[in-house]
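First the structure, in the form of structure tokens, and then the observations on it.
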Amino acid sequence: MKKDRLVPTLIFIGVVLVFLLIFFAIFFRIVPNSSFSPDNFRMGEMMNGRHHMNGNFDTGEIRNSQDSPMELRLPPLLESDYETDEEVSYTLVADEGQTSFREGPPTETYGYNGSYLGPVLQIREGQQVHINLQNELEEETTFHWHGLKVASDVDGGPHHPIESNGSAEIDFTVDQEAATLWFHSHAHRKSGEQVYNGLAGLIFVEDENSDALNLPKEYGVNDFPLILQERFFDEENQFRYNEVYDFDGTTGDTPLINGTIRPYIEVGQEWIRLRVVNGSNGRNYDLSLSDGSSFYQIASDGGFLEAPVERANLFLSPGERAEIVVNMSEYQLGEQVFLVDGSTEILEFRLTKEREGNPELLPNILNDLPSVETEALTDRQIEMSGRGHMVTMNGRQFDMDRIDFTVNQGEKEIWEVTTIPGMMMGDMPHPFHVHGVQFRIISRDGVPPEAYEEGWKDTILVSPGETVKIEIEFQKQGVFMIHCHILEHEDNGMMGQILVE
Ligand code: C2O
Ligand code: CU
Ligand code: CU
């Protein structure tokens, strides 16, 4: 090669190499980054599928556990410090602890008023609620009430951290109908880790309608909460979030319900009610019964559906909830049935109690939902895009000092929420969540929602290329978050702020 060609060629090769390096640095996050630590990065994990590369999105491989079956743990119903019909006062303490999930050493965990997960807060529509919040952790945390319609100063978003050994008191009035909600940490850039370690609990809102409805409501007998999660356990039975960290949703290979590995419940030949919460950081669950029987969905995120909807499967993305009822009188005593996710058994039903009389029929009507505006013009477009660290909400990453848009309190708006198909990184669906409100779905790609999605929602899964039109009306004031409920996406900035005034 001539000398005068050699230099430009070398420069060209050099430039290409630098570009490649930069590309891989960003792609594999070798660049220093606030949430990066060297042990977050392990090439081996990239290869064994914990990081979903090349667009082959899967939602985490769980498998049947080899541990011995254990009776499902039931989160305790939290005793109030003080209670009348009009008022209730609770104390919640976030703390570290040790939890024996399986044989061998206990796992270092976080929990509320206990070592892992939290108790059930029972509140009623119209009631004034006082909660005394205490943080006994060695780091700051927040207490976020997912699905509660409360003003933003008590909503527990990233703006309201409680420092280590600190406490706070909050007050609000329950201004919504009966629903199964939940609470969890929303600490800035730490939600994924703190929830993975155990900071999540349940809220049952009841009202006159739920009192009157003829539905199973004996806690632990025919009314069971199911907090779905999955975890990796290392040789010492530890979680080690940083080592199994997945920037598109940290999952695990071992399914847990309410912190129980391989759980079973003993049930009678009657209708049973399951209040299902997808409490996973990033895994979608697709539940069905092992014998293929159908069941009925009676509630979505924010309350009862208008009528029970017969379903063969229940798909829930992170943050979503649903209540279903299953007719156990169709099984024989001693029969074994499972709730499965694909081919993985996640909960065993053991038919141990004989039917007493005839199983009562389900109510035909559960709720009276206002109709939605199907013809209204769109007020706002919200775009989610990206994967890993390159995730954005409306093209931008979260900035606590920036209000992304302002909406008027008490005014209906129509939003179009879209997931932009990815260019380089492949596609994935994102569960879109809004704080402080319950909204309704008008359509998915122009098609009215399925009956089971017609009720109140606060989290919706939006697939790449899909546009979901929603009707939303904020009743409370303040600064609220909108974000992807894959907790690692939220931590990595797939979140925006809206001001309601
Ligand atoms: Cu369940 Cu902003 O969260
Ligand atoms: Cu929330
Ligand atoms: Cu996401």
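Whatever order the structure lists them in is the order used to number ligands and atoms, beginning at 1.
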Review point. Is the ring centre of Phe239 less than 6.0 Å from the ring centre of Tyr196?
Key: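 Between Tyr196 and Phe239, which both carry aromatic rings, the centre distance is below 6.0 Å.
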Exercise for review: Indicate, with yes or no, if the rings of Phe224 and Tyr219 have centres closer together than 6.0 Å.
Suggested key: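 Not under 6.0 Å, so no.
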Review point. So, is the end of the Lys476 side chain (NZ or CZ) under 6.0 Å from the ring centre of Trp145 and within 45° of the ring's axis?
Key: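 No, Lys476 and Trp145 do not form such a contact.
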Review point. Counting backbone and side chain alike, does His186 bring an N/O/S atom below 2.8 Å of the Cu ion (ligand 2)?
Key: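 It does not; every qualifying atom lies at 2.8 Å or beyond.
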Check your understanding: Is the Cu ion (ligand 2) less than 2.8 Å from an N/O/S atom of His485, whether that atom is in the backbone or a side chain?
Key ->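 His485 does not place any N, O or S atom closer than 2.8 Å to the Cu ion (ligand 2).
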**Study point:** Under 2.8 Å from atom 1 (Cu) of ligand 1, the protein N, O or S atoms, given as residue and atom
**Key:**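 Near atom 1 (Cu) of ligand 1, the protein supplies His146 ND1, His184 NE2, His485 NE2.
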Check your understanding: Would the number of heavy atoms belonging to other residues, nucleotides or ligands and lying under 6.0 Å from CD of Glu79 be above 12?
Key ->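 Counting other residues, nucleotides and ligands, CD of Glu79 stays at 12 neighbours or fewer.
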Point to revise | Any side-chain heavy-atom pair of Leu215 and Arg273 under 4.5 Å | key: yes
Point to revise | Close side-chain approach of Val205 and Leu181, heavy atoms under 4.5 Å | key: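 Result yes, sub-4.5 Å side-chain heavy-atom pair found.
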Check your understanding: How would you list, by chain and number, every residue that makes a side-chain hydrogen bond (donor to acceptor under 3.5 Å, both in side chains) with Gln98, sequence neighbours excluded?
Key ->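 Partners of Gln98 by the side-chain hydrogen bond (donor to acceptor under 3.5 Å, both in side chains) criterion, ordered by chain and then number, come out as Glu108.
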